[in-house]
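What follows is a short report on a single structure.
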Amino acid sequence: MRPVPTPGRYPVRFGTAELLRDADRPNAWMISVDGVAQSHVNLDDPTDLEFDYIRRIADVADCLGEGPLDVLHVGGAACTLPRYLAAARPRSRQLVFDADGELVALVREQLGLKGLKVRVGDGREGVSGRYDASADLVIVDAFERGILAGGLATVEFTNEIARVLRPAGTYVANVSDGPNLPFLRRFSATLATSFPHLAILAEPGVLRGRRFGNIVVAASRVELPVADLTRRAASSAYPARCVAGEDLRQLQGKAKPITDAEALPSPVPPKDVFGIFQPRK
């Protein structure tokens, strides 16, 4: 029997989680930690994706041909993307690593994780323990208080992801950045050390450096479906841009890759940028 969620505040490893009911959908829920939105899930329809950057990641997955996928997730929270892929691509094999055991337990109790394999532990260590060429898709969306840990943005970790991916596999990461995109430039330079093909997806205002926001970065050893991604992003409820090829190389410029010796985290977001969401009207 599906659990009946109880709205409220709950202590978790990285702060205080709050479970909120979506006022516009009868069985949709949002989880935040210390006021930073983490996940939105519709238990009646896992293909209903509220957060725009989640829709962009799903767009990448949707463009990877047909049939089930072997997927590795670093960061899970309420497992919005694993739920989506389980519905959109039946028989996919997925494994989720999340460092917050208390949050995983809360999600399991309140929102259910039936059919999803979730392990509590460090995502980087989890990836390092996987077999060579064992995944079609690796998704990294692991923020703590709005910051991507520096250890997940280095050349060394990127090499591990490349090792785990099959030759035609795809790596997708959610990062965040602000004016002039200094972190994105270095992160894309980092991915380029292992993957010759990159694309980024974000709202135009973020890419122009006008505001802080999420940026989805896709990488592969084979050509990415840039035309399809461009079309999907442009026709979204909140349109986004897809940047690839020479435009992305110009954006990257002479930025240096990030290594473990530096382990540069993503920038601290301005107050309330990733706060409690407001339902769409």
Side-chain angles (χ1 to χ4, degrees), residues 47 49 51-74 81 84-85 88-89 92 133 135-141 148 152-153 155 158-159 161-162 164-177 180-211 213-255 257-258 266:
T47 66
L49 303 178
F51 293 169
D52 294 327
Y53 80 88
I54 292 289
R55 180 66 262 175
R56 300 286 77 77
I57 297 175
D59 284 343
V60 176
D62 288 346
C63 291
L64 299 181
E66 298 181 355
L69 297 171
D70 290 333
V71 189
L72 194 60
H73 301 262
V74 177
L81 281 166
Y84 173 84
L85 289 171
R89 291 179 179 263
S92 289
D136 299 304
L137 177 62
V138 175
I139 299 173
V140 173
D141 182 16
L148 177 71
L152 300 179
V155 168
T158 301
N159 289 340
I161 291 175
V164 169
L165 281 170
R166 295 186 173 114
T170 303
Y171 171 29
V172 186
N174 172 40
V175 302
S176 60
D177 209 352
N180 297 319
L181 306 172
F183 181 80
L184 174 66
R185 296 174 195 274
R186 296 200 61 184
F187 185 70
S188 61
T190 301
L191 268 57
T193 62
S194 291
F195 300 102
H197 301 281
L198 303 178
I200 60 176
L201 296 150
E203 293 182 6
V206 174
L207 290 178
R208 293 188 185 115
R210 293 179 180 175
R211 68 178 191 84
N214 292 102
I215 304 160
V216 170
V217 185
S220 181
R221 297 185 186 93
V222 300
E223 289 191 14
L224 291 161
V226 173
D228 287 343
L229 291 174
T230 299
R231 175 180 53 80
R232 284 170 173 261
S235 62
S236 172
Y238 289 95
R241 283 184 59 206
C242 178
V243 178
E246 184 58 32
D247 289 340
L248 181 49
R249 285 188 284 273
Q250 289 184 9
L251 185 151
Q252 179 182 318
K254 297 181 180 180
I258 304 166
S266 65

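Index from 1, following the sequence.
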- request: Can you measure from CZ (Arg89) to CG (Leu137) and round to the nearest 0.5 angstrom?
  value: 8.5 Å
task: Among Val172, Asn174, Ile161, find the residue that satisfies the side chain to side chain contact (heavy atoms under 4.5 Å, CB included) test when tested with Val140.
output: Ile161
message: With a 3.5 Å distance limit and no angle check, can you tell me whether Asp177 reaches the backbone of Leu184 through a side-chain donor-acceptor pair?
response: yes
- prompt: Nearest heavy-atom pair of Cys242 and Leu229: which atoms, and what distance?
  reply: SG-CB, 4.1 Å
message: When you compare the side chain of Phe183 with that of Ile215, does any pair of heavy atoms fall below 4.5 Å?
response: no
query: If you measure from OG on Ser235 to CG on Asp59, what distance do you get to the nearest 0.5 Å?
result: 8.0 Å
Residue pair Leu64 / Val60: nearest heavy atoms and the distance that separates them: CG-O, 3.2 Å
task: Report, as yes or no, whether the 6.0 Å neighbourhood of atom CD on Glu66 holds more than 12 heavy atoms from other residues, nucleotides or ligands.
output: no
message: Classify the ring geometry of Tyr171 against Phe187: parallel below 30°, tilted from 30° to 60°, perpendicular beyond 60°.
response: perpendicular
query: Is a side-chain donor or acceptor of Ser176 paired with a backbone partner of Gly213 at a separation under 3.5 angstrom?
result: no
query: In Å and rounded to the nearest 0.5 Å, what is the CZ to OG1 distance from Arg221 to Thr170?
result: 10.5 Å
task: Might you point out which heavy atoms bring Ala58 and Leu81 nearest each other, and give the distance in Å?
output: N-CD2, 4.2 Å
query: Quick check: does any side chain N or O of Ser194 sit under 3.5 Å from a backbone N or O of Leu191, one acting as donor and the other as acceptor?
result: no
- line: Heavy-atom closest pair (Ser220 atom, Gly169 atom, distance to 0.1 Å) is OG-O, 2.9 Å
- request: Report the distance from atom CZ of Arg249 to atom CD of Glu246, rounding to the nearest 0.5 Å.
  value: 5.0 Å
query: Do other residues, nucleotides or ligands put more than 12 heavy atoms under 6.0 Å from Arg166 CZ?
result: yes
- prompt: Between atom CG of Asp70 and atom CG of Asp136, what is the distance when rounded to the nearest 0.5 Å?
  reply: 5.0 Å
message: Main chain of Leu69, side chain of Ser92: is a donor-acceptor contact present, judged purely on distance under 3.5 Å?
response: yes
- line: Taking every heavy atom of Arg56 against every heavy atom of Tyr238, the minimum-distance pair comes out as NH1-O, 4.1 Å
field: Side-chain (Arg186) to main-chain (Pro257) donor-acceptor, under 3.5 angstrom
entry: yes
Within 6.0 Å of CZ in Arg241, more than 12 heavy atoms from elsewhere: no
Ile54 vs Asp141, side-chain contact (heavy atoms from CB on, under 4.5 Å): CA-CA, chis, key distance, verdict: CA-CA 9 Å; Ile54 292 289; Asp141 182 16; 3.9 Å; yes
message: Return the CG to CG distance between Asp62 and Asp228, rounded to the nearest 0.5 Å.
response: 10.5 Å
query: Between Asp52 and Arg55, does at least one N-O distance fall below 4.0 Å, as a salt bridge requires?
result: no
- prompt: Would you say the side-chain atoms of Thr190 pair up with the backbone N or O of Ile258, donor to acceptor, closer than 3.5 Å?
  reply: yes
- request: Would you name the heavy atoms of Arg232 and Cys63 that are closest together and state the gap between them?
  value: NE-SG, 3.5 Å
